[in-house]
Protein chains: 2
Amino acid sequence: MLCCMTENKEKKKRQGWKQNPEAVQENILEAALEEFAERGFAGARINLIADKTDTSKRMIYYYFGDKEGLYRRVIEKTYTDTRQGELALELDLSKPQEALRKLITFTFNHHRKHSDFIRLVMIENIHQGRHLGEKQHFADINAPAIQRVKEIYSAGVEQGVFRRGLSAEQLHWQISAMCFFNVSNQATFGAAFGDQLFTPTGQKELCQTIEDTVLTFLLHEPDRLLK
Amino acid sequence: MLCCMTENKEKKKRQGWKQNPEAVQENILEAALEEFAERGFAGARINLIADKTDTSKRMIYYYFGDKEGLYRRVIEKTYTDTRQGELALELDLSKPQEALRKLITFTFNHHRKHSDFIRLVMIENIHQGRHLGEKQHFADINAPAIQRVKEIYSAGVEQGVFRRGLSAEQLHWQISAMCFFNVSNQATFGAAFGDQLFTPTGQKELCQTIEDTVLTFLLHEPDRLLK
DNA sequence: TATGTAATGTACCATTAGGTTAATTATCTC
DNA sequence: GAGATAATTAACCTAATGGTACATTACATA
């Protein structure tokens with residue numbers, strides 16, 4: 001099996017190959033994403049990344065300069081792809097509660113599906129965001145996420161459904177926190193407290209709980225009388 | 001300055017030194033915690049850890065076998081220390097709301113203060129919890145955390161303050177998620193959406209918000225009519 | 001079709017870093 | 001206090017790994 005594949009690969013390469021820089025770079029970035037997401041920056045091995053590609057290590061250095069350059073490009077691509085994916089979601093602002101639930105469900109599932117992205121973000125946080133590139137550019141990429149929440153919240157306030165005085169940043173933060181943590185800390189949380197929350201039904205309930213939590217917070221004034 | 005210190009160190013060592021295995025191990029573990037928390041498992045350098053200690057690289061291998069053995073011990077110690085620190089908090093169960101707020105404030109601040117712990121947990125999640133050791137032991141260490149929440153919740157339900165039907169696991173999960181995320185994702189979240197949430201006042205408000213969120217969820221039945 | 005340039009393959013290098021060997025010093029026990 | 005054992009030092013080894021030199025092949029263009 002393996003030998004066949006390599007034989008084919010060899011043949012393909014020997015028989016007239018075409019130059020295709022973009023495809024080669026894409027190919028490298030994909031392999032690198034897997035590797036970095038799995039092992040972190042220091043843990044990733046350039047040689048292994050090269051093995052996963054259809055090209056050679058030399059090409060990695062040719063296109064990306066060095067390991068860090070490659071990593072930076074992977075981060076950027078991942079964030080861009082993710083935010084782009086989120087834009088696909090369409091929401092009906094005339095029903096703010098429903099819209100918010102839909103946004104949360106979407107975020108919850110999206111994060112679950114894209115654990116590579118989550119892992120890269122974790123890794124980048126461990127590096128204290130040193131590879132995020134130009135901060136303004138990074139902020140621009142991410143701005144739509146807050147915008148989204150702001151729209152829903154404003155609509156809800158105007159319709160008299162949501163209470164006033166809350167900030168979209170905080171709401172987005174809450175949603176992010178729980179949807180992110182659900183994926184990022186599954187290993188340690190599961191080991192510490194059991195896997196009930198991470199079974200299929202557990203996850204459905206959890207998503208529901210996140211929705212309920214955020215919505216209830218939006219609907220009811222908090223009680224600060226200490227009882 | 002530096003030369004003086006090294007001179008002193010040298011002298012100390014040359015002049016009759018005492019054996020003190022426990023202290024040496026503690027000393028190594030502390031240095032290793034810093035290094036692992038800062039650079040991750042693969043990024044950490046045994047040589048640098050050794051440099052930070054008052055002893056030598058050989059001692060690390062003598063006491064911990066290899067890099068992974070050292071890392072395991074660091075993880076275990078960190079978790080144990082953390083949970084132990086949490087036990088110090090005393091709560092008045094006759095006032096469930098107040099008790100819960102106090103627990104959340106404590107967790108929030110505790111996580112902020114112990115970012116080394118947070119970072120190690122992140123790192124361990126990237127490794128998918130491979131180094132947590134015996135799962136049962138790990139679960140035992142962590143059990144008190146849920147227990148705590150369960151006590152408060154039960155008291156609140158019995159007093160007719162909290163609504164019925166919620167699970168302590170989920171409540172603990174919510175609190176953990178937000179308090180953890182606040183520290184773990186500060187770098188990327190701040191870069192993406194600004195640092196307002198992470199200024200001193202931003203943090204105070206955020207903590208308040210977490211409390212309000214969880215409490216409101218405990219006090220009010222969620223509204224699932226989609227509007 | 002000649003030529004300069006971009007893209008690719010192969011073999012190699014230098015250094016880093018995890019781990020070890022073997023000798024030295026303290027400590028314990030009988 | 002003698003011999004055995006535990007703790008410590010310093011120098012060393014080797015595989016892995018990030019990175020490079022150089023030759024070669026495709027391609028655009030004039």
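Numbers restart at 1 for each chain; the letters A, B, ... are given by sequence-line order, proteins then strands.
Listed nucleotides: D:dA7, C:dG19, C:dA6. Nearest to the side chain of A:Tyr62: C:dA6. Checked against C:dT10, D:dT8, D:dG18, the side chain of B:Tyr63 finds its nearest nucleotide in D:dT8. Here the nucleotide nearest the side chain of B:Lys57, chosen from D:dT9, D:dG18, C:dG18, is C:dG18.
Annotation: A:Phe181 is not in aromatic contact with B:Phe181 [ring centroid separation under 6.0 Å not met]. Aromatic rings of A:Tyr71 and A:Phe64 (six-membered ring for Trp) have centroids beyond the 6.0 Å cut-off, not under it.
The residue among A:Ala42 and B:Val24 whose nearest nucleotide of DNA chain D is located toward the 5' end is B:Val24. Taking for each of A:Arg58 and A:Ile46 the nucleotide of DNA chain D with the nearest heavy atom, the 5'-most of the two is the partner of A:Ile46.
When the P atom of D:dA7 is taken as reference, atom CG of B:Asp54 falls 17 Å away, rounded to whole Å. Distance CE (B:Met59) to P (D:dT8): 6 Å, rounded to an integer number of Å. Distance B:Glu35 CD to C:dA17 P: 10 Å, rounded to the nearest Å. To the nearest angstrom, P of C:dT10 lies 18 Å from OH of A:Tyr61. Distance A:Ile28 CD1 to C:dG9 P: 10 Å, rounded to the nearest Å. Rounded to a whole Å, the CG atom of B:Asp66 is 18 Å from the P atom of D:dA15. Between the CZ atom of A:Phe64 and the P atom of D:dG18 there is a distance of 16 Å, given to the nearest Å. Between the CD1 atom of B:Ile60 and the P atom of D:dT9 there is a distance of 12 Å, rounded to whole Å.
Using a 4.0 Å cut-off between charged side-chain N and carboxylate O, B:Arg72 and B:Glu68 make a salt bridge. With respect to the salt-bridge test (charged N to carboxylate O, under 4.0 angstrom), the residues A:Arg45 and A:Glu35 do not qualify.
Between B:Ser56 and D:dT9 there is a side-chain N or O to OP1 or OP2 distance below 4.0 Å. Close to D:dA7, at under 4.0 Å from its OP1 or OP2, lies no side-chain N or O of B:Thr55.
Contact annotation: side chain of A:Lys67 to base of D:dG19, donor-acceptor pair absent below 3.5 Å.
Among the atoms of the strands shown, only primed sugar atoms or phosphate atoms (P, OP1, OP2) are found under 4.0 Å from some heavy atom of B:Arg45. Counting any heavy atom pair closer than 4.0 Å across all strands shown, A:Ala50 reaches no nucleic acid atom.
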Worksheet item: ring-ring contact (aromatic ring centres under 6.0 Å, His included) between A:Tyr79 and A:His137: does it pass, once the steps are laid out?
Response: CA-CA 11 Å; A:Tyr79 261 92; A:His137 175 58; over 10 Å; no

